[in-house]
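A quick note: this is a predicted structure, and the numbers were derived from the prediction, not measured.
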Amino acid sequence: MPAKPTGRPGLSPSRPLWRRPVAWIVLAGVLVTALAVAGVRLQPRHWNACHGFSRTYLHVWPHGTDCVGVTDGATPIDAAFGAELGGRYGALLDAIHAENERVESGHVDTAGSATDCTSTAGDAVDVAALAPWRSDLAGGRAFHQLAGMYVAQWQANHLRQPGGCAPFIRLLVADPGRDMNGWSEVVDELSTYDRLVAVVGLALSRTQMIEAARTLNGRGIPVVADLVTADGFDRSNFTGVPEVCHPQAGTGRLTAFYRIAYPNQRYFAQLGGYLTGVGLLGRGRAVQVTQAGYDADQFACTNVEHVNKLLDPAPDPITFELSGAGRDSTGQIVTKVSPICTDPAVRTVFYTARAVDLANFIVAMNQACPRGITIAAGTDASRLLTPEPTHALEMQRRNALQVLHSGNVKVYFPATNSAAQLAGTTGFGNFRTAFAGAFGDTAHPELFPFSDAELADTWMVNAHDAMFVTAAAVHALHTNGQAYEPGHVASNLSSFEIPDAAQGTLRFDRNGTRVGTPVVLRLCSDGVAPATQLAVARRLTACPGDRG
């Protein structure tokens, strides 16, 4: 009798299905198809190699070798960012995220407040802080910038300043990348946010940030800049800027745009007046050093043009290649400046480049000018007042502070304000109170000291006031019965004179630039810590560490 067949007809009983290669191939194909379908259905809008698969980080994505995007504080822009400055950035982002969570819950009341501010969960608006937070050109000052914005957010939500407490404000942190070249994608991302009513920040007068502001304005979103100083970077849209600076004549225009800083022209007029009054500026007494290719940088170029008007005669600037992208300009600077003090008539050297190399420049001038020299720098000199995020830059800064302690090299620069002038004013007192409240309940309040050293670079109060002005326009929405829309915020900004900001009453001219007069400061050092002294007209300014 023949053997009884097993299994399906036509199959040999020699091997079961699970041992056959063709079965595994079919199964693998099914799994790959299923995963592909799931990936399409579940993938974030931007594939996120910066933070893996987590859907918590949907708005941070790769741009070349960098990471860019928008966060509510739940994550740093890249893995290293939160750890910078000894973890201070990470702690600050945690504080911002906690406040944003309170806003989303609809209740941010503060114990002891006279007014109970509550709202329906999610009844809030978004304001985005857009700046190159990790740029080498900003350095550690960007931390103070973001801290000032957060304090103003907390002040608006908890202290009802200015103008009430509704709607609550959620603060988003937007980063166009270290080189700022991701600005277009980040602006596109922000434009999708239904609750976004304004953008604050920018920080640097670079082409990318100019175009970002123009694009936002073109989409009806107002911008309040905190630190940009290049001439023409306002609603004049670079009218009157010298042709050598290649005015930014793009298709977009700045319309609903305000800035808390002054233009470079006003800063150098103040600095030049002081130096002339104390005999440090006159015919043949000064030369200028700046960065190569300065005509492509609106900040540096307008600096150069204003100094050219102060010099008599005005020779071509001495130029050097700015450090960056792995390039160290220390040796080049030494070579360039060595001949300067061979002319005994030269008393002052204007430094109009970006301050990433100012520390090296100070050390080089100390070696080249044993009889002493005065350096007159632009607003970017405030960089020396703030610890740097990298070890190499911080060591350069410390070397410069040691030189300044001797008094052989003296540094003057213009600034938006002097912290000493603000003490005792109502707005600064409110800022101080808000600062204590904003950071008092954080996990690491020791990372946020309130001191002259923290305020000295003026980035914190400038950024605070940009957010404070924006909060005034946002609160007016509720007061005026307006819809929570960018256009109404823009119209509210146009009619404001803002009292009791951290820097006092803020007014703006027809171009949206702050009205007022900057100050001149001398940069001092005890050899370790920097400080400033307010310069008084027609009197040489002394530092406590001056010798002889």
Side-chain angles (χ1 to χ4, degrees), residues 70 72-73 95-130 148-174 190 193-201 220-224 256 258 260 426-427 429-431 433-441 463-502 505-506:
V70 183
D72 67 353
I96 292 171
H97 183 243
E99 178 65 12
N100 287 337
E101 290 288 287
R102 287 188 286 268
V103 167
E104 292 289 63
S105 75
H107 191 95
V108 295
D109 195 32
T110 302
S113 173
T115 304
D116 181 22
C117 277
T118 58
S119 71
T120 303
D123 182 19
V125 300
D126 291 340
V127 174
L130 171 63
M149 292 175 179
Y150 164 62
V151 170
Q153 178 205 17
W154 194 95
Q155 186 174 357
N157 290 338
H158 294 260
L159 302 185
R160 336 305 179 208
Q161 296 170 351
C165 59
F168 292 150
I169 297 174
R170 191 171 68 142
L171 180 62
L172 305 178
V173 182
L190 289 172
Y193 293 7
D194 293 337
R195 295 193 299 183
L196 184 73
V197 296
V199 168
V200 295
I221 301 170
V223 176
V224 180
Y258 297 82
I260 303 298
T426 299
N430 292 341
F431 165 68
T433 299
F435 187 101
F439 293 114
D441 293 332
H464 169 276
D465 283 356
M467 187 70 178
F468 188 83
V469 166
T470 304
V474 167
H475 286 162
L477 297 172
H478 180 76
T479 302
N480 299 340
Q482 299 167 302
Y484 295 172
E485 297 174 355
H488 294 307
V489 172
S491 66
N492 291 342
L493 282 167
S494 68
S495 60
F496 275 160
E497 173 181 281
I498 311 297
D500 295 334
T505 298
L506 297 178

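- Closest heavy-atom contact between Gly220 and Pro486: O-CB, 3.2 Å.
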Go through Val108 and Glu99 one step at a time and tell me if the side chain to side chain contact (heavy atoms under 4.5 Å, CB included) criterion holds.
-> CA-CA 8 Å; Val108 295; Glu99 178 65 12; 4.2 Å; yes
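- Side-chain atoms of Asp465 come within 3.5 Å of backbone N or O of Ala502 as a donor-acceptor pair.
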Run the side chain to side chain contact (heavy atoms under 4.5 Å, CB included) check on Val474 and Val197 step by step: do they pass?
-> CA-CA 8 Å; Val474 167; Val197 296; 4.0 Å; yes
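- Arg195 has its side chain out of reach of Tyr484: every pair of non-hydrogen atoms, C-beta onward, lies at least 4.5 Å apart.
- Using a 4.5 Å cut-off on side-chain heavy atoms (C-beta onward), Gln153 and Asn100 make contact.
- The environment of His97 atom NE2 is dense: over 12 non-hydrogen atoms of other residues, nucleotides or ligands sit within 6.0 angstrom.
- The side-chain heavy atoms of Leu130 and Val200, taken from C-beta on, include no pair separated by under 4.5 Å.
- Scored by the side-chain hydrogen bond (donor to acceptor under 3.5 Å, both in side chains) test, Asp441 finds no partners at all (sequence neighbours excluded).
- Counting only heavy atoms from C-beta outward, the side chains of Val127 and Leu172 never approach each other to under 4.5 Å.
- Heavy atoms only, all atoms of each residue included: Pro167 and Ala124 are closest at CB-CA, 4.4 Å.
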Applying side chain to side chain contact (heavy atoms under 4.5 Å, CB included), run through Met467 and Leu171 and close with a yes or a no.
-> CA-CA 10 Å; Met467 187 70 178; Leu171 180 62; 4.0 Å; yes
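- Between atom CG of residue Leu477 and atom OG of residue Ser491 there is a gap of 8.0 Å, rounded to the nearest 0.5 Å.
- A distance-only check finds no donor-acceptor pair linking the side chain of His464 to the backbone of Phe431 [under 3.5 Å].
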Determine, stepwise, if the pair Glu101 / Arg170 fulfils side chain to side chain contact (heavy atoms under 4.5 Å, CB included).
-> CA-CA 9 Å; Glu101 290 288 287; Arg170 191 171 68 142; over 6 Å; no
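- Remark: the His475 side chain and the Gln161 side chain contain no N/O donor-acceptor pair separated by less than 3.5 Å.
- Within the 4.5 Å cutoff, no side-chain heavy atoms of Ile498 are placed close to those of Thr505.
- When all heavy atoms of Ala198 and Val489 are compared, the pair lying nearest together is CB-CG1, 4.3 Å.
- The side-chain contact (heavy atoms from CB on, under 4.5 Å) test with Val103 is passed by exactly one of Ile169, Asn157, Val125, Asp126: Asn157.
- Judged by distance alone, the side chain of Tyr258 and the main-chain N or O of Ser494 form a donor-acceptor pair under 3.5 Å.
- Shown here are the ring pair (Phe, Tyr, Trp, His ring centres under 6.0 Å) partners of Phe435, two or more places apart in sequence or in another chain: Phe439, Phe450.
- Side-chain N/O atoms of Gln155 and Asn430 include no donor and acceptor closer than 3.5 Å.
- Nearest heavy-atom pair across Pro499 and Phe468 is O-CE2, 3.7 Å.
- Taking 4.5 Å as the limit, every side-chain heavy atom of Val70 sits out of range of all side-chain heavy atoms of Val173.
- Residues that satisfy the side chain to side chain contact (heavy atoms under 4.5 Å, CB included) test with Thr479, not counting sequence neighbours, are absent from this structure.
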